[in-house]
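First up is the structure itself, then whatever we jot down about it.
The figures here come from the full heavy-atom set of this structure, side chains too, leaving out hydrogens, waters and symmetry mates. The chains referred to below are lettered A, B, ... by the order of the sequence lines, with proteins before strands, and numbering in each begins at 1.
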Amino acid sequence: MNTVPESGGRDQRPPFPLRDGIEFVILAALSLITIFVIIPAETTSGDELGLSPGLVPTVCAAAIGILACAHFLQKLIKRTPVEQSSGPSPLTAICLIGSTIIGILMIRYINWEVGGAILVILVSLSLHERRLLRLAGGAAFVALFLYIVNHLGI
Amino acid sequence: MEDILLGFTDAFTPTAIFAVFCGILLGYIVGVLPGLSRPAALAIAVPITYSLSPISAIAFLIGVTKASAAGGATGAIMLNTPGEPSSAATCFDGYPMAQAGQATKALKTALYSSVFGDIISTLVLIALAKPLATFALKMGPLEMTSVMIFALTFIAALSGKSMAKGLIAGIFGIFLATVGLDPESATPRMTFGLIELFDGVPLIASTVGMLAFTEMLVQGEQYLSDKKAGIMNTPLEDKKSDLTWSDIKRITPTAIRSTFVGIAAGIIPGLGPTIGAFLAYAVAKKTAKPGDKYGEGEIKGVAATESADNAVLPASLIPLFAIGLPGSVSAAILVSAFMMHGVIPGPLIFDQYPRLIYGIYVSMIIASLCMLVVGRFGLHFFAKIGSIPVILIVPNVIVLCVVGVYLESHSLFSVYAMIGLGVLGYIMQRFGYSVVTFLIGFVVGPLFELSLRQSIIVSNRHLDEVIDHPIAIVFLMLSLGAAYVFMRRERAPLEDVMK
């Protein structure tokens with residue numbers, strides 16, 4: 001974006017793209033860690049037969065790092081106006097993820113019917129459902145569904 | 001000829017026809033419900049087909065995909081809330097028609113246009129896929145690699161606002177596909193000592209997690225946000241208007257034109273149904289006749305978007321069957337269904353499974369006709385279920401995600417992987433990285449790696465060998481050209497296409 005001179009000669013360029021900068025740092029760091037730590041530690045040489053197993057993962061990780069750098073440079077040069085973080089707060093998503101994990105743990109340690117019912121109740125509560133009848137109905141429906149799936153061996 | 005007849009026989013078995021019917025019914029419901037998108041529903045439906053025969057399984061999934069495309073129009077017309085992103089363009093004229101008391105007319109137009117676009121596109125698929133596959137068999141690994149590079153570049157460019165982010169997502173998909181045993185030496189690669197990862201990151205868990213679970217997180221957020229803002233959609237009153245012969249005559253040329261726009265959008269990797277529908281609407285608007293009132297309840301607008309939307313899926317199977325390359329996310333999910341039944345889509349499919357392919361073709365035509373019948377008789381019923389609140393959908397779909405993934409592998413590891421990938425998908429979406437490109441990269445990853453390795457070995461590690469492969473050069477040049485053009489002009493939002 002071009003610099004627009006104002007009467008006072010102040011630079012009207014949008015500020016440094018901080019969010020893109022953080023994204024770049026994270027991606028570049030992950031890319032380097034993958035190339036120099038994870039891939040060497042987690043791939044075994046194929047005894048010189050054919051190509052190295054680490055070839056494609058290394059190329060991919062390097063390409064991601066390079067592209068992240070290119071994207072950041074592009075943002076830095078263009079200095080497009082910073083996009084406000086759009087969308088609702090991620091708190092709901094975190095609650096939904098937490099509810100799902102608790103439900104799965106209940107499935108693992110109790111059984112499918114109880115775990116599924118708890119999962120539905122927790123997810124509904126995360127979505128601010130407070131009507132008891134709805135909560136109980138939803139839980140009963142899912143418990144019945146899972147009972148049928150389990151006992152019919154679908 | 002024998003294979004064609006056997007394919008017909010397979011497709012006309014009661015199980016296969018019942019599977020198509022169930023798929024259509026489910027697809028319609030999915031299409032109508034605003035909280036559940038087509039790829040998400042398809043991802044959840046794949047594990048359900050585990051115990052079915054390949055033909056019934058694919059027929060069921062094709063039914064889901066086709067009907068969800070048609071059903072998406074119902075919400076767009078009745079509530080101004082598209083059931084599918086690809087039906088968003090239908091809101092422009094469908095909702096004003098409903099406001100004017102012409103909801104039935106708009107719904108019928110959408111249905112007939114969808115069926116029309118779908119059948120024509122299926123016929124184009126039948127005509128083109130095999131000849132293209134025969135041609136593809138003549139291509140070597142170098143050509144295949146360059147075709148995949150081209151397709152991924154195009155998909156990356158079109159799937160988000162930033163091409164670099166699209167490419168990062170696609171390459172990350174390829175990277176994640178390398179987890180597991182190395183294809184040459186069979187040594188473990190990035191498995192972190194987990195035996196469950198020896199077969200790679202589970203495909204079904206990835207598709208369900210990245211599409212369905214992520215979408216439920218987003219829908220949950222949106223629901224609370226809308227509730228806070230007091231946004232409520234209420235269906236409009238219908239004056240029982242009906243479609244007349246003069247209306248059909250008016251919309252036919254638009255539907256034909258839009259069908260071919262949809263077919264083009266299906267064949268070109270990355271465009272997909274949403275862009276196809278918007279492009280068709282833009283073309284219809286450009287070729288408007290005096291008196292046409294696009295944006296104010298023009299019946300041609302509904303016909304344009306819906307015929308294009310439904311024409312995309314059959315056409316997107318052309319590159320899948322011909323070269324094994326899924327051009328859209330729905331096609332990528334269908335790959336996982338094929339693979340679950342031991343079939344690898346690609347040019348060899350016509351030689352290895354001719355009976356299955358012809359069976360699928362026949363099932364696709366049956367699905368189109370079934371869609372017409374189900375859509376016609378359930379017109380008003382589907383219009384009513386569109387108002388089921390998201391708060392009822394989200395918890396049940398999350399349970400279906402968990403059950404579906406578990407049923408496919410009978411292991412909680414896949415369920416954990418689904419949650420992990422769902423979280424990853426959510427983060428990617430929030431930061432503008434395309435989940436669609438990631439999934440397509442993930443699905444074509446093994447094929448890409450194989451072709452790349454073969455290319456390096458065949459060329460004896462001399463990259464200049466590419467000069468002897470003109471087709472590869474053409475596709476590499478096209479990739480560079482596309483990258484240059486798209487990098488220079490980052491893609492405009494869909495609304496800008498309309499201008």
Side-chain angles (χ1 to χ4, degrees), chain A residues 19 23 27 34 38-39 42-47 49-51 53-57 59-61 63-64 67-68 70-71 74 83 85 87-93 95-97 99-101 103-104 107-108 112 115-116 119-124 126-129 134 138 141-142 145-146 149 154, chain B residues 48 51 162-165 167-168 171-172 174-175 178-179 182-192 213 216-218 220-225 227-228 390-392 394-396 398-399 401-403 406-407 412 415-416 419 422-423 426 430-432 445 448-449 452-453 456-457 461 487 490:
Chain A
R19 187 177 146 154
E23 258 181 66
L27 281 176
T34 308
I38 298 175
I39 295 174
E42 287 295 326
T43 52
T44 341
S45 165
D47 293 332
L49 273 172
L51 297 164
L55 175 82
V56 176
V59 170
C60 288
I64 289 172
L67 281 165
H71 177 69
Q74 191 190 19
E83 281 176 35
S85 177
S89 139
L91 195 69
T92 313
C95 287
L96 289 175
I97 294 163
S99 307
T100 311
I101 292 171
I104 291 167
I107 287 171
R108 184 178 174 177
W112 274 91
L119 195 157
V120 166
I121 291 172
L122 290 177
V123 169
S124 302
S126 304
L127 294 174
H128 298 189
E129 177 61 87
R134 278 256 179 113
F141 173 75
V142 165
F145 168 71
L146 292 175
V149 169
I154 298 170
Chain B
I48 300 171
S51 55
S162 158
M163 177 159 184
K165 285 190 170 184
L167 280 172
I168 289 172
I171 293 170
F172 182 51
I174 297 174
F175 173 81
T178 62
V179 173
D182 175 57
E184 263 181 57
S185 61
T187 52
R189 202 166 45 167
M190 291 179 292
T191 56
F192 299 92
F213 188 64
M216 287 309 105
L217 300 180
V218 175
E221 275 184 352
Q222 195 59 47
Y223 166 75
L224 284 185
S225 171
K227 198 178 165 188
K228 213 172 169 183
V390 172
I391 195 161
L392 286 181
V394 174
N396 291 299
I398 290 181
V399 170
C401 290
V402 174
V403 176
Y406 181 81
L407 284 179
L412 275 178
V415 180
Y416 298 137
I419 303 279
V423 175
Y426 173 76
R430 218 155 161 111
F431 285 87
F448 179 78
E449 181 174 13
L452 184 69
R453 280 168 171 266
I456 295 171
I457 292 167
R461 303 189 189 200
M487 280 272 193
E490 295 282 30

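- Contact between B:K227 and A:H128 at its shortest, heavy atoms only, is NZ-O, 3.8 Å.
- Within the 4.5 angstrom heavy-atom criterion, only side-chain atoms of A:L119, from C-beta onward, approach chain B.
- By the side chain to side chain contact (heavy atoms under 4.5 Å, CB included) test, A:S126 pairs with A:C95, A:L96, A:S99, sequence neighbours left out.
- Your options are A:V123, A:T34, A:L67, A:I38, and the one with the most heavy-atom pairs under 4.5 Å with chain B is A:L67.
- Heavy-atom distances place both the backbone and the side chain of A:V120 under 4.5 Å from chain B.
- Contact between B:A164 and A:H71 at its shortest, heavy atoms only, is CB-CB, 3.7 Å.
- Between atom CD of residue A:Q74 and atom CE of residue B:M163 there is a gap of 10.5 Å, rounded to the nearest 0.5 Å.
- Contacts between B:F175 and chain A at a heavy-atom distance below 4.5 Å involve backbone atoms as well as side-chain atoms.
- For the pair A:R19 and B:R430, the tightest heavy-atom approach, listed with the atom from each and the gap, is NH2-O, 3.4 Å.
- If you tally non-hydrogen atom pairs under 4.5 Å between each of B:L224, B:T178, B:D182, B:L167 and chain A, the highest count goes to B:L224.
- Remark: the backbone N or O of B:F192 is paired with a side-chain donor or acceptor of A:E42 at under 3.5 angstrom.
- Residues passing the side chain to side chain contact (heavy atoms under 4.5 Å, CB included) test with A:I104, sequence neighbours excluded: A:T100, B:V402, B:L412, B:V415, B:Y416, B:I419.
- In terms of heavy-atom pairs under 4.5 angstrom with chain A, the leader among B:V399, B:L452, B:I174 is B:V399.
- In this structure, CG in B:L392 is found 5.0 Å from CZ in A:R134, a value given to the nearest 0.5 Å.
- Closest of all the heavy-atom pairs between B:P395 and A:L127 is CD-CD1, 4.5 Å.
- Across every non-hydrogen atom of B:E221 and A:P90, the tightest pair is OE2-CA, 3.5 Å.
- For chain A, the option among B:F431, B:Y223, B:F172 with the highest count of heavy-atom pairs below 4.5 Å is B:F431.
- A:I107 touches chain B through its side chain: at least one heavy atom from C-beta onward sits under 4.5 Å away, while N, CA, C and O do not.
- In terms of heavy-atom proximity, B:I171 sits nearest to A:A63 at CD1-CB, 3.8 Å.
- Only the side chain of A:I101 has a heavy atom closer than 4.5 Å to any heavy atom of chain B.
- The CG atom of B:N396 sits 9.0 Å away from the CZ atom of A:F145 when rounded to the nearest 0.5 Å.
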